[in-house]
Amino acid sequence: MQCDVCQQKEATVFLTQIVGGKMQKVNLCEACSKDKGVNDPTGFALADLLSGMGAAQEIEKNPASQRCPVCGFTQADFKKTGRLGCSTCYEVFAEGLEGMIRNMHKGPEHVGKAPVAYLRSRQIDQKIKTLQSSLQEAVAAEQYEKAADLRDQIRRIEAGLEA
Amino acid sequence: MKLTEIIENSGEWLKGDGPHRNIVVSSRVRLARNLRSKPFPGWAKKAERIEVLKIVKSAVEQLPEMEDAYTENLEALSPLEKQVLVERHLISREHAAKGVGSGVVMNVNQSLSFMINEEDHLRMQAICCGLQLDKVFSMINQADSELEPMLDFAFHPQLGYLTACPSNVGTGMRASAMLHLPGLVMSDQMNKIINSVNKIGLAVRGLHGEGTEAMGNLFQVSNQTTLGEAEEEIISRLNDVIEKIIEHECNARQLLLQKKPVTLLDQIGRAYGVLSYAHSISSKEALNLLSVIKLGTDLNLFPDENRILVDELFIETQPAHLQKGAHVQKMSADERDTLRASLIRAKLLVVPKPDVAKIATQPLGTTENDE
Ligand SMILES: [Zn+2]
Ligand SMILES: [Zn+2]
């Protein structure tokens, strides 16, 4: 039997792990099992290895010529490594990644911690959006004084963002 | 501070105290973070890795909790030193294989460690003794929040924190506990436990050779997914499951005491005998026998004051720890087996032989649950 990782050497270490109700069998050669820290039941490497396997196929939904403008990564590279090139790759290959990520995880959307700066800017975005729609309503209703007031508020917030 | 100080002293997670300490060896939480638009370590060129290392390392060093930390570039460490850190669970095996462009920062009591340019730009972990997932999460979460203003973390509105591998996006968190479950293994219940636990998306694993035997009866329970569930939810689910496993382990030990006391005492006696008198012992055999001694300690057959000594032997009998003790860089497996046996013999001199009269009728010193 061939090693699942290097797909070259003969597998001598056979592992069974149960993940989410499904039994996964992994066959590794001596070198890869050492490399992946298989003999260390406390390492995280194996969990990463198992959940990353099979990831490579899905990304092929993107055209083969597509390249990340920031890091130059292509889907062929992903197929080889099962890892992406940089954070921008997630935008570039979004289409191909979507299904794979959904299959891998509990839900399609992040619901945990977010950087404070991100939360703040999202809050401000929402505030500006609300003000802008009130502004349009005010203009439509020909309430020009109110409209001028709203426009000033928006400008102040935007100026504050730049500062 | 110097690496020698780290190496000379075992970490707080090994020596410390914590809830369910007898069964839960340690609790760990790891967070993965990356800098926006910088190539991930596996894809970056050397110069890019060095640049990221510089940025991230100087930010980590500024953390108040990392005052007087040990900080080093990986190329400055010998293979043996790296291996010692791996055996301590302070860096991963993957990280130990890295050189120029990767680094490590850890605090004095070894409860916090930061791997720079492992698979992600930053992987940081907190580790504590016993079942304290909430505590380790809050420790590492605080460090993350303190780093946030200094480092531009890649964050996506839908996918959360972005990582080199899509299997880590979202929280970027892996929480785990290392459990010592000899009772469940001896009573052939491990498969049943694994099956029931995994139904809710968590993973239990040990090394499955033939049958369900894991080395040293040590198992790790961890979350398997990182997207679609908040950090606190993941941890609370994990906690619930671990409490259940502890309960099953206690019951299994109780049952063994009632139904198979001779087998149990025989195993403990033999483990003590072999470890006390062997002159050559492999790492695997040592771990499995130490596990039985640990169980014997839980059952009052060995004095509780020797508990840390036994726990430390789990680490000290690992290859790199043996070699650094002997101050040699290279050693054959046979030489290590001899050295391991003599180290164990010497340490066990202070541990009196199992006192059968003291055997615990309640198998654990931990508080009984109210079921
Ligand atoms: Zn291989
Ligand atoms: Zn990219």
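Naming convention: chains lettered A, B, ... in sequence-line order (proteins, then strands); numbering from 1 in each chain. All values derive from a computational prediction rather than experimental measurement.
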Legend entry - Contacting region of P115(A) [heavy-atom separation from chain B under 4.5 Å]: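 Both parts, heavy atoms under 4.5 Å.
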Inset, instruction - Select one option (side chain, backbone, both, neither) describing which atoms of A117(A) are under 4.5 Å from chain B's heavy atoms. - result: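 The answer is the backbone of A117(A).
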Separation of [Y] [atom2] from [X] [atom1] (nearest 0.5 Å):
X: D120(B); Y: S87(A); atom1: CG; atom2: OG; result: 11.0 Å
X: Q158(B); Y: I101(A); atom1: CD; atom2: CD1; result: 10.0 Å
X: L159(B); Y: E91(A); atom1: CG; atom2: CD; result: 8.5 Å
X: S167(B); Y: M104(A); atom1: OG; atom2: CE; result: 5.0 Å

For [X] and [Y], which heavy atoms make the closest approach, and how far apart are they?
X: H105(A); Y: L227(B); answer: ND1-N, 3.2 Å
X: L84(A); Y: P166(B); answer: CD1-CG, 4.3 Å
X: F155(B); Y: A114(A); answer: CZ-CB, 3.4 Å

Need one label for [X]: side chain, backbone, both or neither, based on atoms under 4.5 Å from any heavy atom in chain A.
X: L35(B); result: backbone
X: V25(B); result: neither
X: S145(B); result: both
X: T163(B); result: both
X: P41(B); result: neither

Legend entry - Beyond-backbone contact of F40(B) with C71(A), side-chain heavy atoms, under 4.5 angstrom: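 They are not in contact (no side-chain heavy atoms under 4.5 Å apart), so the answer is no.
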Inset, instruction - May I ask you to decide if K113(A)'s main-chain N or O and E231(B)'s side chain share a donor-acceptor pair within less than 3.5 Å? - result: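 The answer is yes, because a donor-acceptor pair under 3.5 Å joins these two groups.
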Legend entry - Side-chain donor or acceptor of W43(B) paired with backbone N/O of C86(A) under 3.5 Å: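 No.
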Legend entry - Interface residue of largest heavy-atom contact number with chain A, from P149(B), A154(B), G170(B), under 4.5 Å: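 Maximum pair count with chain A is reached by G170(B).
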Inset, instruction - For each of A164(B), A96(B), A230(B), tally heavy-atom pairs with chain A at distances under 4.5 Å, and name the one with the top tally. - result: A164(B)
Legend entry - Contact leader toward chain B among R102(A), E109(A), H110(A), where contacts are heavy-atom pairs under 4.5 Å: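 Among R102(A), E109(A), H110(A), the one with the most close pairs to chain B is H110(A).
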Inset, instruction - Could you check which of G85(A), G112(A), G107(A) has the highest count of heavy-atom pairs closer than 4.5 Å to chain B? - result: G85(A)
Legend entry - side-chain hydrogen bond (donor to acceptor under 3.5 Å, both in side chains) evaluation trace for T226(B) with K106(A): CA-CA 8 Å; T226(B) 50; K106(A) 197 162 170 105; over 6 Å; no
Inset, instruction - Verify the neighbour count for atom NZ of K38(B): are there more than 12 heavy atoms of other residues, nucleotides or ligands below 6.0 Å? - result: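 No.
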